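Report on the structure given below.
Please read these numbers as outputs of a predicted model, since none were measured by experiment.
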Amino acid sequence: YKMLVVLTKFPIKPEFMKDFEERSKEKFGEHGISEMEGFLGMKILAGRSFPSMPPNNQVVIITYWKDMDSFLNYTKSQAFAEAHKNPPPKEWFAGNPSVEIYEVIKEI
């Protein structure tokens, strides 16, 4: 395996969760990422809360890449620049977004 999984996590204030979800459904992934060499797919997850656990007000974008080079090429592309040009309002965020990168070592 060499598949790369990139998680971009957005902590969202509860009162803006619906707005952020709508914006991600409409706009995220619409700027050319799907045409990028080595792009394998994307999922957008909206946090849901479980009764006995703390509230989950995160939206997570998961992208799948053939390898690190494919992802790095995307970060230098016009598609990446377009996707990050008009970010959501700062007041929607409960903290800074974070990016985590993983390599798949086993798949079932």
Side-chain angles (χ1 to χ4, degrees):
Y1 283 100
K2 280 292 177 203
M3 189 198 323
L4 208 67
V5 180
V6 180
L7 281 66
T8 306
K9 299 179 176 182
F10 299 92
I12 304 300
K13 292 178 182 170
E15 63 269 28
F16 295 111
M17 195 64 180
K18 275 279 171 262
D19 294 318
F20 195 88
E21 285 181 31
E22 287 307 310
R23 184 184 176 111
S24 14
K25 285 192 277 190
E26 284 173 27
K27 298 192 184 307
F28 294 4
E30 302 303 314
H31 300 284
I33 191 172
S34 58
E35 282 82 50
M36 293 299 301
E37 178 84 27
F39 175 76
L40 303 175
M42 178 170 96
K43 292 186 183 341
I44 301 175
L45 311 180
R48 296 295 182 255
S49 299
F50 189 72
S52 62
M53 296 178 73
N56 181 358
N57 295 313
Q58 275 201 119
V59 173
V60 180
I61 299 175
I62 305 175
T63 55
Y64 303 88
W65 300 90
K66 189 181 107 202
D67 51 30
M68 181 65 87
D69 287 341
S70 299
F71 175 64
L72 290 175
N73 288 337
Y74 168 64
T75 66
K76 299 171 192 157
S77 72
Q78 186 61 37
F80 183 88
E82 286 294 317
H84 295 82
K85 201 158 62 177
N86 295 308
K90 284 191 187 348
E91 61 267 16
W92 288 10
F93 295 93
N96 291 322
S98 66
V99 177
E100 298 175 11
I101 299 175
Y102 299 91
E103 186 175 308
V104 176
I105 60 170
K106 181 176 180 178
E107 192 171 87
I108 299 174

Stepwise side chain to side chain contact (heavy atoms under 4.5 Å, CB included) test for Asn86 and Arg23:
CA-CA 11 Å; Asn86 295 308; Arg23 184 184 176 111; 4.2 Å; yes
Path from Ile105 to Met68 over hydrophobic side-chain contacts below 4.5 Å
no
Distance-only side-chain donor-acceptor flag, Asn73 / Ser70, under 3.5 Å:
no
Within a reach of under 6.0 Å around NZ of Lys13, are more than 12 heavy atoms found that belong to other residues, nucleotides or ligands?
yes
To the nearest 0.5 Å, atom NE2 of His84 lies from atom OG1 of Thr75 at 9.5 Å
Does Phe71 share a hydrophobic cluster with Tyr102, counting links as ILVMFWY side-chain heavy atoms below 4.5 Å and allowing steps through other members?
no
When you look at Lys85 and His31, which way does the side chain to side chain contact (heavy atoms under 4.5 Å, CB included) test go after all the steps?
CA-CA 10 Å; Lys85 201 158 62 177; His31 300 284; over 6 Å; no
CG/Leu7 to CG/Leu45 distance, rounded to the nearest 0.5 angstrom?
8.0 Å
Near Glu37 CD, under 6.0 Å, is it more than 12 heavy atoms from other residues, nucleotides or ligands?
no
Quick one: do Leu40 and Leu72 end up in the same hydrophobic cluster if we chain Ile, Leu, Val, Met, Phe, Trp and Tyr together by side-chain heavy atoms under 4.5 Å apart?
no
Rounded to the nearest 0.5 Å, what's the gap from NZ on Lys66 to CG on Leu4? Could you check?
12.0 Å
Going from CE on Met3 to CG on Asp67, what distance comes out if it is rounded to the nearest 0.5 angstrom?
11.0 Å
Could you go through the salt bridge (Lys or Arg N to Asp or Glu O under 4.0 Å) check for Lys25 and Glu22 one step at a time?
CA-CA 5 Å; Lys25 285 192 277 190; Glu22 287 307 310; 3.3 Å; yes
Could you work out, with salt bridge (Lys or Arg N to Asp or Glu O under 4.0 Å) as the rule, every residue matching Glu21, not counting sequence neighbours?
Lys18, Arg48
Which distance, rounded to the nearest 0.5 Å, do you find between the CH2 of Trp92 and the CD1 of Ile12?
8.0 Å
Would you confirm whether the ring centroid of Phe20 sits within less than 6.0 angstrom of the ring centroid of Phe28?
yes
Can you tell me how far apart CZ (Phe16) and CZ (Phe93) are? Round to the nearest 0.5 Å.
11.0 Å
Backbone N or O of Ser98 within a donor-acceptor pair of the Asn96 side chain at under 3.5 Å?
no
Shortest non-hydrogen contact from Ile44 toward Ser24:
CD1-O, 3.5 Å
Close side-chain approach of Met36 to Trp65, heavy-atom, < 4.5 Å:
yes
Of Ile61, Asn57, Val60, which is the lone residue that meets side chain to side chain contact (heavy atoms under 4.5 Å, CB included) with Phe10?
Ile61
What about Val99 and Phe39, same hydrophobic cluster or not, with Ile/Leu/Val/Met/Phe/Trp/Tyr joined at side-chain heavy-atom distances under 4.5 Å?
yes
Say whether Met42 and Val5 are linked into one hydrophobic cluster, either directly or through other cluster members, by side-chain heavy-atom distances under 4.5 angstrom.
no
If you compare all heavy atoms of Pro55 against all heavy atoms of Ser49, which two are closest, and at what distance to 0.1 Å?
CA-OG, 3.3 Å
